[in-house]
Structures are given as structure tokens and as C-alpha cells.
Protein chains: 2
Amino acid sequence: MKNLTIPAASEMTLTAVCAALGDPVRMKIARCLARSGEKNCSGFEVGHLSKSTLSHHIKILRESGLIQPRIQGKEHFYSLRKEELDRRFPGLVAMLLAEET
Amino acid sequence: MKNLTIPAASEMTLTAVCAALGDPVRMKIARCLARSGEKNCSGFEVGHLSKSTLSHHIKILRESGLIQPRIQGKEHFYSLRKEELDRRFPGLVAMLLAEET
DNA sequence: TCTTCAGTTCGATTTTTTTCGAAGTTTGAT
DNA sequence: ATCAAACTTCGAAAAAAATCGAACTGAAGA
């Protein structure tokens, strides 16, 4: 089994979270998950990217503590860790949900 | 006179703000300003960096909308744009002020 | 005026990040 | 057992960001 690194709420750092969200691809994924609950890789509303690149971005989001996987068979469903984020960084999820003007 | 780009609250983007805060040097500067009001370059509690590098980081923070300068003689005093940030990204300033554990 | 101080800008180098294709892994179906 | 699907990992290449020193700028003081 894989060793999935997911920091506890108290171990997340604002710098790592910001670095994760500072890339436009990852911001799109995070916003997509904030709105839609749970999705697998093919459901992220990001333009064409190779699957290895997408996997790389997902890893950074996961290691920052923003998202968590639920592995079901061969599919990996990802979701935003809303409870942990609300506890550690109040307001962040709302920012992701806010309209981009 | 210089052409200082400072976006209005409505023109700030979360991606740019996160990209700015995703670098550890800039995060330190932002946290320093969040706690202490106004400071000039020599007051930022960041380790040794050349002044050109520091200037580069300040530019990114300014262009993202996080900080604003007040130029007085030959000194440039910077401050966090707390009101604009509270309006556009509620909770963000509190995150910067929170203890880093 | 000449010099210094506090920065910014420029140009180059180093480091990091993003990206890809190919190969590997795990699961489920045939 | 074999195969395909849905990923991840690896290694390399390209793109972007961080860093520095040198040169420049604008304000204040001698």
C-alpha cells in the first residue's frame, strides 16, 4: 500500500497551503472540489494535462493538507478537507467558494 | 515618479495572493507587517538577503495587493492592506496573525 | 555641487517547478 | 492467467522563480 502523507490539521502550514494554491491548475482543482464534494482525476475541470502532471499537482495539494483521497478500487476520489481547513484556517474554504471576478 | 501597481480590492486574485504568500521569505514579511503595522525594508525580520532580492519579493507582495508603500524621503515604508484584505478575503489577516506552530 | 543613503532595475546564474512520456502498480474484469 | 483501467513514480527537458552584484535613481545632507 502507498504511504499517503496527509498532515493533521495542526501540522498544516499556511505557507504550504498558499504555495499549493498559488498555481492556477491547483487553484482550479481546489475550487472544483470546494463546489462539488468528491471527484476523481478525470472530473477536475482543468484543461488538457498529462496524467502524470495531474498526479503531481494532486500530490502537492494532498501533502499541503488541502485534499484527501478515498481509494475505491482503481479510482481515487478526492475531496477538500473542509472540516480541518475550517478549524485551522477559518475563511479559507469560503474564499475558494467565492466568485472569481 | 515610479509607476506603482497596486490592485484595488476587487482586482486582487486569490491565486496571486497565495502565490505571493507561498514563498517563505514573503510569508515572513507579510507576518511581520501583520503584527507590526509599518516597516521599511531594513525592518523585515528575514535573514540575510541582498537588497535586490528583497526588493523583488516586495514587488510581488505589492503587485498581489497584499502590501502598500508609503514613500517618505528616501525611505519606503510598507504596510499590510488590512482593510482591503478583510473586505476581499475575510479571515486572511487573522491567518497571518495566528501562531505558527 | 558632491556624496551618501535607501532603495529599484538590469542582466546573468542557480535553483525550483512544471511538464511530459515511459514504465510500474494495483484493482477488477474476462 | 491475462488484460485493461486508473492511477503513481521515474527521469529528463523546458519554463519559471529566486538570488546576486553592478549600475541606476531620487532625496537629503555636507
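The basis for the numbers below is simple: all heavy atoms, side chains too, and nothing from hydrogens, waters or symmetry mates. Per chain, numbering begins at 1; letters A, B, ... match sequence-line order. Quantities reported herein were computed from a predicted structural model and do not represent experimental measurements.
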Identify which nucleotide among [options] has an atom closest to any side-chain atom of [X], counting heavy atoms from C-beta outward.
| X | options | value |
| --- | --- | --- |
| B:V25 | C:dG7, C:dT18, D:dT19 | D:dT19 |
| B:L49 | D:dC20, D:dT8, C:dT27 | D:dC20 |
| A:E75 | D:dT8, C:dA6, D:dA6 | D:dA6 |
| B:S42 | D:dT9, C:dG7, C:dA6 | C:dG7 |

Indicate the atoms forming the closest heavy-atom contact of A:S64 with A:A16, along with that distance.
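What the structure gives for the nearest pair is CB-O, 3.8 Å.
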
Should [X] be listed as having a side-chain N or O under 4.0 Å from OP1 or OP2 of [N]?
| X | N | value |
| --- | --- | --- |
| A:H76 | D:dT8 | yes |
| B:S50 | D:dG21 | no |
| B:S55 | C:dG7 | no |
| A:N40 | D:dA6 | no |

Within-4.5 Å side-chain heavy-atom neighbours: A:R31 and A:E45
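They are not in side-chain contact.
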
How is [X] classified with respect to the nucleic acid when contacts are heavy atoms under 4.0 Å: base, sugar-phosphate, or nothing?
| X | answer |
| --- | --- |
| B:I60 | sugar-phosphate |
| B:H56 | base |
| A:F77 | nothing |

Toward the 5' end of DNA chain C, by each residue's nearest nucleotide, A:G73 or B:K59:
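Going by which nucleotide is closer to the 5' end, it is B:K59.
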
